[in-house]
Amino acid sequence: IAGITQAPTSQILAAGRRMTLRCTQDMRHNAMYWYRQDLGLGLRLIHYSNTAGTTGKGEVPDGYSVSRANTDDFPLTLASAVPSQTSVYFCASRDSSYNSPLHFGNGTRLTVT
Amino acid sequence: LAKTTQPISMDSYEGQEVNITCSHNNIATNDYITWYQQFPSQGPRFIIQGYKTKVTNEVASLFIPADRKSSTLSLPRVSLSDTAVYYCLVGATTIYNQGGKLIFGQGTELSVKP
């Protein structure tokens, strides 16, 4: 089934550790996004990529980095995790065609202790 | 980038029509309005999209006035399964218009009761 795959589904991580959240899509969408969702704060954009080889900062980029080596993959890295990064992380993608909507993965629930 | 404002929560009963309004006063000429639905433990999913006037699909209707500074998502005859968070998103028509940033508002938590 075509879509977005995120891994892991959930993770408990000690503060100070490095962690990479994986996101892979098989729809050949040009644009990809990472959002975090916290109770009462809705979805906040962390980083985005319009096309392979380019990335941009969203609303809350500090403490996160991304790379876009190819069209399908858009990993999100926490270099040194902190408890405030405890959240649910959603990856999304969309096609570059006119008015294409976002397609979301099912999220990664990350707890930093 | 247009900022959106929605009610934080709404309550309804089964069989009623629900209207959720989103304000986006600084919407740009190229921006479209898209609504998403999110169930617990799932990513948001697309419901409906429009630019102006009225759009209807098998799930919902979207009403957009001439000034486009607000939009209203209408869900006809809701059921318990419509309990979810609904997000209004205002963004560029293609990823090349505004650098690809798509900023969500806080969303509206709709609770449908029997």
Side-chain angles (χ1 to χ4, degrees), chain A residues 3-6 9-10 21 23 25 27 29-61 66 68 71 74 87-109, chain B residues 1-9 20 22 28-52 55 57 59-60 62 64 73 84-110:
Chain A
I4 293 180
T5 301
Q6 291 187 237
T9 302
S10 65
L21 308 184
C23 175
Q25 53 105 355
M27 299 173 282
H29 285 171
N30 284 328
M32 297 188 73
Y33 305 79
W34 274 106
Y35 292 88
R36 61 176 288 174
Q37 187 170 42
D38 304 292
L39 193 63
L41 294 177
L43 291 154
R44 292 185 291 169
L45 180 65
I46 305 172
H47 285 287
Y48 66 95
S49 169
N50 284 342
T51 189
T54 69
T55 62
K57 293 182 179 180
E59 303 172 271
V60 288
V66 291
R68 188 84 186 279
T71 297
F74 191 41
S87 186
V88 180
Y89 292 85
F90 288 101
C91 179
S93 71
R94 72 166 175 160
D95 187 61
S96 55
S97 60
Y98 195 66
N99 299 327
S100 61
L102 289 166
H103 297 257
F104 283 85
N106 282 327
T108 293
R109 183 174 296 275
Chain B
L1 299 170
K3 179 180 177 180
T4 61
T5 303
Q6 303 172 232
I8 297 298
S9 64
I20 306 174
C22 178
T29 302
N30 291 331
D31 285 341
Y32 258 67
I33 301 156
T34 309
W35 284 80
Y36 294 84
Q37 176 189 54
Q38 185 180 25
F39 297 115
S41 302
Q42 295 183 24
R45 67 172 188 173
F46 170 82
I47 301 177
I48 197 167
Q49 183 183 69
Y51 184 82
K52 61 181 179 181
V55 179
N57 61 22
V59 176
L62 179 59
I64 305 169
L73 174 72
V85 179
Y86 292 83
Y87 291 95
C88 159
L89 178 66
V90 175
T93 54
T94 75
I95 62 173
Y96 304 108
N97 285 4
Q98 290 186 1
K101 282 188 178 182
L102 294 176
I103 307 296
F104 282 84
Q106 288 192 333
T108 298
E109 186 171 3
L110 174 65

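Numbered from 1 within each chain, the chains take letters A, B, ... in sequence-line order.
Side-chain atoms of Glu59(A) come within 3.5 Å of backbone N or O of Leu45(A) as a donor-acceptor pair. A donor-acceptor distance shorter than 3.5 angstrom exists from the side chain of Asn57(B) to the backbone of Ile47(B), with no hydrogens or angles considered. In this structure, the side chain of Gln49(B) does not engage the main chain of Tyr32(B) through any donor-acceptor pair within 3.5 Å.
Looking only at side-chain heavy atoms (C-beta outward), Leu102(A) and Tyr35(A) come within less than 4.5 Å of each other.
Heavy-atom distances place no part of Gln6(A) under 4.5 Å from chain B, backbone and side chain included. Neither the backbone nor the side chain of Glu109(B) comes within contact range of chain A, judged by heavy atoms closer than 4.5 Å. Contact of Ile8(B) with chain A is not made at all, since no heavy-atom distance falls under 4.5 Å.
Of the residues considered (Pro44(B), Ser41(B), Gly107(B), Gly105(B)), Pro44(B) shows the highest number of contacts with chain A, using heavy-atom pairs under 4.5 Å.
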